[in-house]
There are 2 protein chains.
Amino acid sequence: MIHDRIAGGPVPVTIRAMESTSVPSGGSSRREATRQKLYEAAVTLIAEQGFSATTVDEIAERAGVAKGTVYYNFASKSVLFEELLRHGVGLLTASLREAAEQSDRDGGSKVDALDAMIRAGLGFIARYPSFTQLYVAELWRTNRAWQSTLMVVRREVVAAIEDVLREGVAAGEFSDEIDVPLTAAALVGMVLVAALDWQAFQPERSLDDVHASLSRLLQGRVSGSRTA
Amino acid sequence: MIHDRIAGGPVPVTIRAMESTSVPSGGSSRREATRQKLYEAAVTLIAEQGFSATTVDEIAERAGVAKGTVYYNFASKSVLFEELLRHGVGLLTASLREAAEQSDRDGGSKVDALDAMIRAGLGFIARYPSFTQLYVAELWRTNRAWQSTLMVVRREVVAAIEDVLREGVAAGEFSDEIDVPLTAAALVGMVLVAALDWQAFQPERSLDDVHASLSRLLQGRVSGSRTA
DNA sequence: AGTTTTGCACTGACCAGTCAGTTCAAAAAA
DNA sequence: TTTTTTGAACTGACTGGTCAGTGCAAAACT
């Protein structure tokens, strides 16, 4: 329980992809492949059952390795979880920012950029539903070991959206009366919950379809006259 | 057990337990009062730590009750949790439906009703932040004992919103192109996440303030010309 | 070449501690 | 009296984490 021993050399962990990138390719040592398997096993189990209810034995079994291997690769159960969080949110923010930049490059407006981000968010959630579940479930918890990691990681996501909102306000495209942080949070929530519901209850629907519904809601065409 | 709670430290989120509602006159036996105390204790602990990480001993201690009392009043830890869930969502849906009905009685439009529900939702979350945390954290989990309870309870909430949306569509107030279930889910998500962020990161803001921001977002005045 | 050594990655039985749930005699309300 | 609560002891299963030992492929050596 108590680690008097300070990790002598914090190994720079290079996390690759979340799901198996069918190509082990060069550079990936045996260890790296094992880490990958552990991430994949952990993300689904924790999404389903929660962190505390998921045992290290389960993770090891699912990954097809011995329990000791988990502790050979990660200092503790929570460290494994934290690295999983960081990695996943890294992918998400990269995807969001990339979408916004692409929209800008195409000469789109900031509304277009926001729309592109919503689409990117939906795409991410569709690709990594387990990670999203896990993130939502842990985000507002307090008094947890990885509280600080969670805060850092949340800030990254929200900031990506806030940036676009602010640019839009500066460009006169959005009302300058909007509350940027709150609106960003609300948008995250809208996409998050809509996407999780989509995945959970109407998985047969297409991304385009869901995206269109959310765009409509966002652009205020809900409370308006019937569109032609 | 280890109680390393830092006394008097900065409390990140002031969590108010589910206090007794406006004096439930009937059935207020001694047992009922004990149950209430147990709900209050359980809701905060589980919101903070999650179900699995919360022990029955902790709940009993927090409620100021012996452990045996917990098992005298509830068959098991998960039964306690399920009843807590049902109780809390009952309060929420009642609040939402009451808000919509009140708006109707005042001769408001369906947009007004929706707005009133958003306000009611924010009010509920502000009053019972712990319950909300707990609900969000468990909602999309799978393979859990209380899965069915959770589904029933979710349906109640979403249905309350869907009803108003449908009425609005029928009255020609909302576009008939909107996707009612998805829009309802998105609205829930918007309010949920915005409110939790409000409570966690800007608790000093007023409900009116937050409500105004969300109304603005919903009515599409985000992407529009600057309002006068 | 063939042989020996090195050390990384992995193993799984094991340990010390924890937890949900039980039991029950006695006390305190009602 | 009857109902409800108490509080402590107890059980049996489970859990995070440990550690002496294994396997093996690439070096080092002869």
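Computed over heavy atoms, backbone and side chain alike; hydrogens, waters and symmetry mates excluded.
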- Message: Going by salt bridge (charged side-chain N to carboxylate O under 4.0 Å, His left out), name the pairs with one or both residues in residues 63-77 of chain B, residues two or more places apart or in two chains.
- Response: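 Of all non-adjacent pairs touching residues 63-77 of chain B, those that pass salt bridge (charged side-chain N to carboxylate O under 4.0 Å, His left out) are B:D57-B:K67.
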
Atom pairs and distances, donor-acceptor, side-chain atoms in residues 145-161 of chain B, under 3.5 Å, two or more places apart:
| residue | atom | partner | partner atom | Å |
| --- | --- | --- | --- | --- |
| B:T149 | OG1 | B:E82 | OE1 | 2.5 |
| B:R154 | NH1 | A:D197 | OD1 | 3.4 |
| B:R154 | NH1 | A:D197 | OD2 | 2.2 |

- Item | Positions of residues 54-64 of chain A (non-hydrogen atom under 4.0 Å from DNA chain D), listed by number |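 Going residue by residue through residues 54-64 of chain A, the ones with a heavy atom under 4.0 Å of DNA chain D turn out to be A:T54, A:T55, A:V56.
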
I need the [atom1]-[atom2] distance between [X] and [N], as an integer number of Å.
| X | N | atom1 | atom2 | result |
| --- | --- | --- | --- | --- |
| B:I46 | C:dA20 | CD1 | P | 10 Å |
| A:Y72 | C:dC10 | OH | P | 7 Å |
| B:F81 | C:dA20 | CZ | C1' | 16 Å |
| A:F51 | D:dG16 | CZ | P | 8 Å |
| B:F74 | D:dT4 | CZ | C1' | 14 Å |
| B:L80 | C:dG21 | CG | C1' | 14 Å |
| A:N73 | D:dG17 | CG | C1' | 15 Å |

- Kindly say whether, by distance alone, the side chain of B:K77 makes a donor-acceptor pair under 3.5 Å with the base of C:dG21?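 Under the 3.5 Å cut-off, the side chain and the base do not form any donor-acceptor pair.
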
- Task: Record whether the side chain of A:K67 comes under 3.5 Å of the base of D:dG17 through a donor-acceptor pair of N or O atoms.
- Result: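 Checked by distance alone, the answer is yes.
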
- Message: Heavy-atom nearest nucleotide on DNA chain D for A:S52 versus A:G68: which residue maps closer to 5'?
- Response: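 Checking each residue's closest nucleotide, the 5'-ward one belongs to A:S52.
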
- Looking only at side-chain N and O atoms, does A:Y71 come under 4.0 Å of OP1 or OP2 in D:dT18?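 Answer no for this pair, as no side-chain N or O of A:Y71 is under 4.0 Å from OP1 or OP2.
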
- Message: Heavy atoms from C-beta onward define the side chain here; which of C:dT11, D:dG17, D:dT6 lies closest to that of A:T69?
- Response: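 Side chain of A:T69 sits closest to C:dT11.
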
- Message: Determine whether A:T44 and A:R62 satisfy the following criterion, side-chain hydrogen bond (donor to acceptor under 3.5 Å, both in side chains), listing intermediate values before the conclusion.
- Response: CA-CA 10 Å; A:T44 54; A:R62 178 95 130 213; 3.0 Å; yes

- Which part of the nucleic acid, if any, lies within reach of A:V70 when heavy atoms closer than 4.0 Å are counted: base, sugar-phosphate only, or nothing?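 No contact at all - A:V70 keeps every heavy atom at 4.0 Å or more from the nucleic acid.
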
- Message: If I compare all heavy atoms of B:G189 with all of A:V193, which pair ends up nearest, and what's the gap?
- Response: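 Smallest interatomic distance, heavy atoms only, reads CA-CG2, 3.2 Å.
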
- Might you point out which heavy atoms bring A:A126 and A:W198 nearest each other, and give the distance in Å?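 Shortest heavy-atom contact: CB-CH2, 3.9 Å.
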
Quick one: side chains of residues 92-99 of chain A, donor-acceptor pairs under 3.5 Å with protein atoms, not counting sequence neighbours, listed by atom name and distance.
| residue | atom | partner | partner atom | Å |
| --- | --- | --- | --- | --- |
| A:T93 | OG1 | A:V89 | O | 3.0 |
| A:T93 | OG1 | A:G90 | O | 3.1 |
| A:R97 | NH2 | A:D163 | OD2 | 2.4 |

- Which residue pairs pass the ring pair (Phe, Tyr, Trp, His ring centres under 6.0 Å) test when at least one of the two sits in residues 57-77 of chain B, sequence neighbours left out?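 Qualifying pairs, neighbours excluded: B:Y39-B:F74.
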
- Item | B:I178 vs A:L217 side-chain heavy atoms within contact, under 4.5 Å |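 No, side chains not in contact.
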
- Note on the structure: Reading nucleotides 25-30 of chain C from 5' to 3' and marking B where a protein heavy atom lies under 4.0 Å of the base, S where only the sugar-phosphate is that close, and - otherwise, the string is ----SS

- Message: If you apply the rule side-chain hydrogen bond (donor to acceptor under 3.5 Å, both in side chains), what do you find for B:N73 with B:T34, and how did you get there?
- Response: CA-CA 8 Å; B:N73 283 281; B:T34 304; 5.1 Å; no

